[in-house]
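All heavy atoms count here, side chains included; hydrogens, waters and symmetry mates do not.
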Amino acid sequence: MSRKTSDTNADLRGEVLVAIMRDRRDFGRLQDELWYRVPVDTAPKRWPPQWLAFYQTKIFGDEAWAINYYGRVRNISIISRAELFPDEFRNPKSDWRYFQVHLESLERLTQPVRSARGRRLIFIPT
């Protein structure tokens, strides 16, 4: 199932969703393939977003505890984990459903948005 985002329903969704980025493989996928996954069961109520911003955790060293990257949502598909990661061995998570959020591009902020408290967040609709 694919859903193209459009400006006609912009008032029905959140403008920016800040998503946690805690894995270098996910970040590599985001940079190379321009998509990010959000579990369907835990997606925010204000859905779909127009933009995604990425809050990076301690694994990112100098970029940790900050939003350094963002992108405009191009489209969103609902897809199983097995489809997202076809090389992954079948396991209980294989049938979980995700929103695969495709971005138009990934941009770097000139001034990162830093967390003064240096803590982990999940999703923040703004």
Side-chain angles (χ1 to χ4, degrees):
M1 173 183 205
S2 183
R3 177 173 44 178
K4 176 78 174 161
T5 60
S6 69
D7 292 330
T8 58
N9 64 353
D11 58 329
L12 300 177
R13 62 180 180 212
E15 189 171 315
V16 179
L17 177 66
V18 178
I20 190 170
M21 181 60 67
R22 63 177 183 244
D23 185 290
R24 290 191 182 275
R25 288 176 300 182
D26 286 341
F27 188 65
R29 218 175 279 113
L30 176 66
Q31 290 178 303
D32 297 341
E33 301 174 32
L34 295 176
W35 64 264
Y36 183 76
R37 69 181 189 276
V38 176
V40 169
D41 293 342
T42 59
K45 292 181 184 188
R46 293 180 67 191
W47 188 266
Q50 294 175 331
W51 298 85
L52 280 184
F54 301 94
Y55 179 81
Q56 294 172 277
T57 60
K58 68 180 176 180
I59 196 165
F60 292 95
D62 292 341
E63 291 188 327
W65 314 125
I67 298 169
N68 295 287
Y69 299 92
Y70 70 97
R72 184 172 180 84
V73 174
R74 180 172 41 97
N75 65 28
I76 299 171
S77 304
I78 297 177
I79 190 167
S80 72
R81 184 178 181 93
E83 293 171 293
L84 283 173
F85 307 113
D87 296 334
E88 188 176 79
F89 287 106
R90 292 287 297 176
N91 63 65
K93 295 180 182 179
S94 296
D95 293 325
W96 289 8
R97 294 167 31 111
Y98 290 86
F99 289 111
Q100 184 180 28
V101 182
H102 299 268
L103 302 180
E104 291 176 2
S105 63
L106 184 65
E107 306 296 330
R108 184 176 178 83
L109 290 169
T110 54
Q111 288 289 334
V113 178
R114 299 206 178 276
S115 169
R117 297 171 83 180
R119 64 179 181 186
R120 182 175 158 171
L121 305 171
I122 308 241
F123 291 109
I124 307 167
T126 64

**Q** Do V16 and Y70 make a side-chain contact, defined as non-hydrogen atoms from C-beta onward lying under 4.5 Å apart?
**A** no
**Q** Roughly how far, to the nearest 0.5 Å, is OH of Y98 from CD1 of I79?
**A** 11.5 Å
**Q** Nearest 0.5 Å, please: how far is OG in S80 from CD in Q100?
**A** 10.0 Å
**Q** Look up atom CZ in R114 and atom CG in N68, then write down how far apart they are to the nearest 0.5 Å.
**A** 6.0 Å
**Q** Looking at side-chain heavy atoms only, is the closest gap between L30 and Y69 below 4.5 Å?
**A** no
**Q** Considering residues at least two apart in sequence or located in another chain, which fulfil the side-chain hydrogen bond (donor to acceptor under 3.5 Å, both in side chains) criterion with D23?
**A** R25
**Q** Looking at every heavy atom in both W65 and K58, which two are closest together, and how far apart are they?
**A** CZ2-CB, 3.4 Å
**Q** Would the number of heavy atoms belonging to other residues, nucleotides or ligands and lying under 6.0 Å from CD of Q31 be above 12?
**A** yes
**Q** Please round to the nearest 0.5 Å and tell me the distance separating atom CD of E63 and atom CD of Q56.
**A** 4.5 Å
**Q** Can you tell me if CG on N91 sees more than 12 non-hydrogen neighbours from other groups inside 6.0 Å?
**A** yes
**Q** Could you tell me whether F54 and F27 have their ring centroids closer than 6.0 angstrom?
**A** no
**Q** Does the side chain of D95 come within less than 4.5 Å of R90's, by heavy atoms?
**A** yes
**Q** Locate the shortest heavy-atom distance separating A53 from I67; write the atom from each residue and the value.
**A** CB-CG2, 3.8 Å
**Q** Measure the spacing between CZ of R37 and CZ of F85 and express it to the nearest 0.5 Å.
**A** 4.0 Å
**Q** Where do L17 and P49 come nearest, in terms of heavy atoms and distance?
**A** CB-CB, 3.8 Å
**Q** Which value, rounded to the nearest 0.5 Å, describes the distance between F99 atom CZ and D41 atom CG?
**A** 9.0 Å
**Q** Over all heavy atoms of both residues, which pair between L34 and E104 is shortest? Give the atoms and the distance, please.
**A** CD1-O, 3.8 Å
**Q** With sequence neighbours left out, write down each residue that passes side-chain contact (heavy atoms from CB on, under 4.5 Å) with R24, or none if nothing qualifies.
**A** I59, F60
